[in-house]
Amino acid sequence: MRKQVLVTADRGETRVAILESEGDPSADKDGRNGNWRVGELYIERRGSRSIVGNVYKGKVDNVLPGLEAAFVDIGLEKNGFLHTDDIVMPGVEVARRGRTGGKGQRITELLKPGQEVLVQAVKDPLKTKGPRLSMQLSIAGRYLVYVPQGEGVGVSRRLDDKERDRLRKQAKGLELGEGGAIIRTAGQGAKRADFEHEIKYLHKLHEVLQQRARETSAPAMVFQEADLSVRVVRDIFSQQFERAIVDDPQQHHRLESFFTRTAPELLPRLELYEHQKPPLFEKYAIERAIQSTLRRRVDLPSGGYLIIDYAEALTVIDINSGSFTGRGKGARLEDTITKTNLEAADEVVRQLRLRDIGGIIVIDFIDMSRSRNRDAVLKTLHKALDEDRTKTYVVEISPLGLVEMTRQNVTEGVREILTKTCPTCNGESVVLSEETVSIDVERRLRELAAERPAAEAFLIRINPRVATLLAGSPGRPLLEIEEETGKHFHFEGSEALPIDHFAVALEGSREEVEERALPFREGEEVLVAIEEPHMYAEDDAVAKLDGYVISVAGAGRLVGKKTLVRIEKVGRSAASATLVEGADVIDAKANGDSSSMRAAVEDPTRPRRRGRRGGRGRRKAGDAGSGD
């Protein structure tokens with residue numbers, strides 16, 4: 001599989017995309033053909049970069065033997081979590097989880113509150129959890145990972161057996177000092193000279209880390225991982241990558257220095273994108289891929305689709321056949337389902353990588369009756385996971401057609417970085433319906449009347465859609481409540497209010513509340529925008545102000561225009577008006593539309609202007625005020 005790396009950076013963030021293609025290289029002159037698609041996305045904000053790989057001198061805050069863990073203060077907002085399995089001390093045997101016979105020392109014997117320890121972050125803080133820490137330090141290079149507390153040389157299992165044997169021979173007798181090393185997947189094709197050169201560099205980094213640790217007071221960071229662009233390129237850039245394109249001169253210089261030091265043969269593949277238009281990520285359709293990570297639905301080529309739902313404990317992916325009904329007259333249900341599932345298996349893995357989804361994942365494939373088809377789907381899933389650099393574990397398809405799997409959760413995915421919890425639903429993904437809220441408001445109005453018997457009338461701030469249901473739905477619930485309680489209720493508010501908002505804006509006599517609540521007075525002349533034809537009278541039309549409806553007689557021909565009308569009758573949620581004879585007619589788009597008028601209504605700093613009841617004042621609709 002051919003790959004490319006694209007890097008874009010600006011003041012606020014750095015973004016890296018990995019493009020993949022199995023197309024014909026000859027058909028791909030500029031990198032945009034050959035069936036390229038986005039395989040992985042990484043985003044790092046300036047003020048919230050990943051801490052994975054950083055080394056800290058921390059101070060043990062408390063030790064919890066029941067959890068076999070300790071919480072360590074490393075100078076961040078949340079303490080880090082250090083499990084007993086991640087404790088490494090020279091010459092000390094640690095009692096590991098699940099070990100029988102009681103061998104090794106328990107965590108309470110190894111760590112005490114106030115003790116200083118050198119730890120490395122292996123997971124970023126995620127949601128309510130602090131970072132995951134380990135005392136097994138590792139320093140990553142291009143070909144090797146140096147492990148100061150380790151021993152011997154290991155080789156990545158992602159390489160084939162033949163290449164692993166070759167690399168072991170190349171690394172045999174390598175001078176590792178006191179530690180060990182792991183040959184990375186990116187070390188494929190490396191020679192002994194590459195290993196010798198890099199291990200010296202990693203030893204120097206370790207010496208610097210130790211020196212800083214001795215001189216630094218806990219809690220503090222003593223070693224910081226490379227920034228995003230260098231980190232990604234270091235971890236993945238190999239012979240199968242055709243090029244790395246960077247649009248920022250500083251990032252280009254960093255990568256140039258990195259390649260010069262570690263892999264000068266790859267320098268010709270590093271390019272600086274100097275065109276201002278189109279931007280790099282737009283040219284290669286990366287922006288579209290970023291936006292797709294926020295959508296719940298993902299379409300499949302044949303017409304099926306995935307639905308991706310996120311929960312606290314797991315992520316659920318549901319496969320649906322959608323509009324795909326098979327091919328040809330002889331199409332069978334089992335074949336249609338199998339084809340959809342095969343497409344879904346490949347796309348599911350792509351979405352896991354693209355969105356960097358971690359933790360427990362449940363995939364609900366469409367039920368298949370034949371075992372060979374289930375095996376084919378599972379084989380496709382495993383093959384697609386071969387391209388995933390993140391550690392995964394997959395369970396066989398259950399009798400219900402479910403596949404359970406886990407994927408290592410290391411950092412926040414693109415979705416978590418780009419979004420925040422919805423302030424309206426608070427992450428519930430649903431909001432109350434207008435009908436539900438209106439029924440609740442009815443109860444609250446009755447309670448309000450009982451709690452405040454001295455007031456004759458109330459002005460309530462609620463969403464206009466709820467007010468419309470109370471005043472105009474069958475049975476006229478508002479009139480029934482007023483008759484029952486002996487109180488009068490008026491409403492105000494804009495569409496910007498949450499659907500379940502309820503607040504008492506004013507209470508007092510009926511005249512006082514009506515003076516504030518009713519936006520117009522009978523006989524008043526108002527400049528309005530005619531928005532739509534009347535539902536029942538074809539010659540009439542309607543103007544609206546934050547849910548307040550003005551029915552204008554004879555204005556059917558003026559939809560989309562602004563004109564002066566005279567208010568004839570005023571109600572709590574609607575008014576009727578007639579056209580002012582001889583008044584000018586203005587194009588609403590040319591002289592401000594109804595949305596700008598609504599903005600004026602919502603401005604609480606505008607002076608309130610009221611005509612006498614039955615007076616002949618003249619003003620714009622914007623002067624009505626909303627009672628804020």
Side-chain angles (χ1 to χ4, degrees), residues 50-140 145-152 154 157 178-180 182 209 213 216 218-223 225 311-315 357-361 390-395 404-412:
S50 171
I51 68 167
V52 173
N54 291 357
V55 178
Y56 296 87
K57 188 175 184 180
K59 184 178 291 186
V60 178
D61 188 34
N62 57 347
V63 181
L64 304 175
L67 294 178
E68 295 185 333
F71 287 95
V72 182
D73 180 8
I74 58 174
L76 301 182
E77 182 180 352
K78 295 179 181 178
N79 287 345
F81 180 83
L82 176 64
H83 194 269
T84 185
D85 289 348
D86 298 312
I87 296 176
V88 177
M89 293 183 174
V92 177
E93 186 175 6
V94 181
R96 305 294 182 189
R97 180 170 46 184
R99 176 177 290 180
T100 58
K103 294 182 179 180
Q105 298 185 41
R106 296 182 61 81
I107 192 168
T108 51
E109 301 174 275
L110 300 170
L111 300 178
K112 305 292 182 185
Q115 181 179 341
E116 294 186 351
V117 290
L118 202 61
V119 293
Q120 187 170 38
V122 294
K123 280 187 182 181
D124 277 327
L126 298 173
K127 296 180 181 178
T128 59
K129 299 178 181 178
R132 179 75 181 258
L133 305 176
S134 174
M135 292 176 67
Q136 177 77 280
L137 306 184
S138 62
I139 304 173
V145 175
Y146 176 57
V147 186
Q149 297 105 321
E151 58 182 25
R157 293 181 181 179
E178 298 180 354
I182 300 170
L209 186 156
T216 303
M221 180 174 65
V222 297
F223 176 82
E225 253 285 29
E312 185 69 22
L314 49 80
T315 301
I357 298 173
I360 300 172
I361 300 156
T390 303
K391 188 184 299 183
T392 58
Y393 174 73
V394 181
V395 180
E404 300 169 27
M405 63 176 290
T406 60
R407 188 171 185 270
Q408 190 175 17
N409 209 346
V410 178
T411 62
E412 287 187 316

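The closest donor-acceptor contact from the side chain of N54 to the backbone of E225 lies under 3.5 Å. The backbone N or O of V92 lies less than 3.5 Å from no partner atom in the side chain of Q105, so there is not a single donor-acceptor pair. Put simply, the side chain of K57 gets close to the backbone of A213: a donor and an acceptor are under 3.5 Å apart. In terms of modelled atom types and a separation under 3.5 Å, the side chain of R407 and the main chain of I357 share a donor-acceptor contact. Side chain of Q149 to backbone of L137: a donor-acceptor contact under 3.5 angstrom is found.
A distance of 11.0 Å separates CD1 in I74 from CD in Q120, rounded to the nearest 0.5 Å. Interatomic distance, OG1 of T216 versus CG of L209, reported as 9.5 Å (0.5 Å rounding). Within the model, atoms OG1 of T108 and CD of E68 stand 10.0 Å from one another, a figure rounded to the nearest 0.5 Å. If you take NZ on K123 and CG on L133, they are separated by 12.0 Å, rounding to the nearest 0.5 Å. Taking CD1 of I361 as the reference point, atom CE of M405 lies at 4.5 Å (rounded to 0.5 Å). L110 contributes atom CG, which lies 7.0 Å from atom CD1 of I107 (distance to the nearest 0.5 angstrom).
With sequence neighbours left out, N409 forms a side chain to side chain donor-acceptor pair (under 3.5 Å) with no residue at all. Remark: E151 engages no residue in a side-chain contact (heavy atoms from CB on, under 4.5 Å) (not counting sequence neighbours).
Between K78 and K129 there is no side-chain heavy-atom pair separated by less than 4.5 Å. D124 is not listed as a side-chain neighbour of E412, based on a closest heavy-atom distance of 4.5 Å or more. When side chains are defined from C-beta on, P125 counts as touching I51, because their heavy atoms get closer than 4.5 Å. Side-chain contact between V72 and L111: absent, with no pair of heavy atoms (C-beta onward) separated by less than 4.5 Å. Side-chain contact between I360 and E404: absent, with no pair of heavy atoms (C-beta onward) separated by less than 4.5 Å.
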